[in-house]
Amino acid sequence: MSGEPQRGSRRRTRLYALTDGRTAAPHTVLTMDTTITAAVTEEAHDGLPSEWQAVLSMCPAPNGRAVAEIAARMGMRLTPVALLLGELADRGLIHHRPPLEGAQTTNVHLLMRIRDNLARI
């Protein structure tokens, strides 16, 4: 046995390629609980980088997904995903909604749905 860890057959894109070399937040700053929805149809996905297509596919309108959930589903850290999503927002490919207001988070049924959805990840 060799001392090197085995790598999966799935090839991963380097983070700097996903973010076009960006290390700072783009014009659109997103938090981990910001909701993202695709602003373009499936037909408009052709020609886009595969990671962009993956984000758009997992965020259909009207519900979309939270930034943290997108990062978890893509198996990526939160910061690069937030940069990637900021790039998509700046290009008009996604819409984003701010997190829920304090009064909206007192709804127990909503909180239970959020908990259940996070548990499914």
Side-chain angles (χ1 to χ4, degrees):
M1 266 194 196
S2 71
E4 291 185 36
Q6 287 190 335
R7 296 178 188 247
S9 61
R10 184 176 168 203
R11 188 176 165 140
R12 296 187 63 134
T13 305
R14 294 195 178 271
L15 294 177
Y16 67 83
L18 287 176
T19 61
D20 288 334
R22 292 179 191 238
T23 57
H27 299 350
T28 305
V29 178
L30 306 168
T31 62
M32 63 186 276
D33 51 354
T34 301
T35 302
I36 304 296
T37 54
V40 295
T41 62
E42 289 262 345
E43 295 81 34
H45 296 189
D46 292 338
L48 296 175
S50 60
E51 291 80 10
W52 293 18
Q53 291 179 22
V55 169
L56 295 172
S57 295
M58 74 173 74
C59 299
N63 297 328
R65 297 199 189 278
V67 171
E69 185 178 354
I70 294 167
R73 289 178 181 268
M74 294 185 74
M76 294 174 57
R77 292 176 292 163
L78 193 56
T79 301
V81 169
L83 290 172
L84 171 67
L85 294 171
E87 180 72 24
L88 293 175
D90 289 349
R91 292 176 185 246
L93 297 172
I94 60 171
H95 297 294
H96 53 92
R97 289 190 312 261
L100 298 174
E101 296 294 325
Q104 293 173 297
T105 60
T106 58
N107 181 336
V108 174
H109 297 291
L110 174 62
L111 293 173
M112 289 171 56
R113 280 190 5 237
I114 292 169
R115 179 201 63 198
D116 294 342
N117 287 331
L118 288 173
R120 280 191 287 223
I121 295 178

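Here the structure is a predicted model, which means the values were calculated and not measured. Starting from 1, each residue takes its place in the sequence as its number.
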To the nearest 0.5 Å, what is the distance between CG on Leu30 and CG on Leu85? 6.0 Å
Walk me through it: do Leu93 and Val55 pass the test side-chain contact (heavy atoms from CB on, under 4.5 Å)? CA-CA 10 Å; Leu93 297 172; Val55 169; over 6 Å; no
Closest non-hydrogen atom pair, His95 against Ala39: NE2-CB, 3.3 Å
Check step by step if side-chain contact (heavy atoms from CB on, under 4.5 Å) holds for Ile94 and Leu56. CA-CA 7 Å; Ile94 60 171; Leu56 295 172; 3.6 Å; yes
Would you name the heavy atoms of His45 and Thr41 that are closest together and state the gap between them? CD2-O, 3.1 Å
Atom pair OG1/CE of Thr79 and Met32 - distance to nearest 0.5 Å: 11.0 Å
Within a strict 4.5 Å, meaning less than it, do heavy atoms of the Met58 and Met74 side chains meet? yes
pair His96-Val67: side-chain heavy atoms closer than 4.5 Å: no
Do you know the tightest heavy-atom contact between Ala61 and Ala38? CB-O, 4.4 Å
Point-to-point distance, once rounded to the nearest 0.5 Å, from SG of Cys59 to CG of Leu88: 9.0 Å
Qualifying residues under side chain to side chain donor-acceptor pair (under 3.5 Å), relative to Thr34, sequence neighbours excluded: Thr31
side-chain contact (heavy atoms from CB on, under 4.5 Å) between Arg65 and Arg73, intermediate numbers included: CA-CA 10 Å; Arg65 297 199 189 278; Arg73 289 178 181 268; 3.5 Å; yes
How long is the straight-line distance from CG of Leu118 back to CZ of Arg115, given to the nearest 0.5 Å? 10.0 Å
In Å and rounded to the nearest 0.5 Å, what is the CD1 to CG distance from Ile36 to Asn63? 13.5 Å
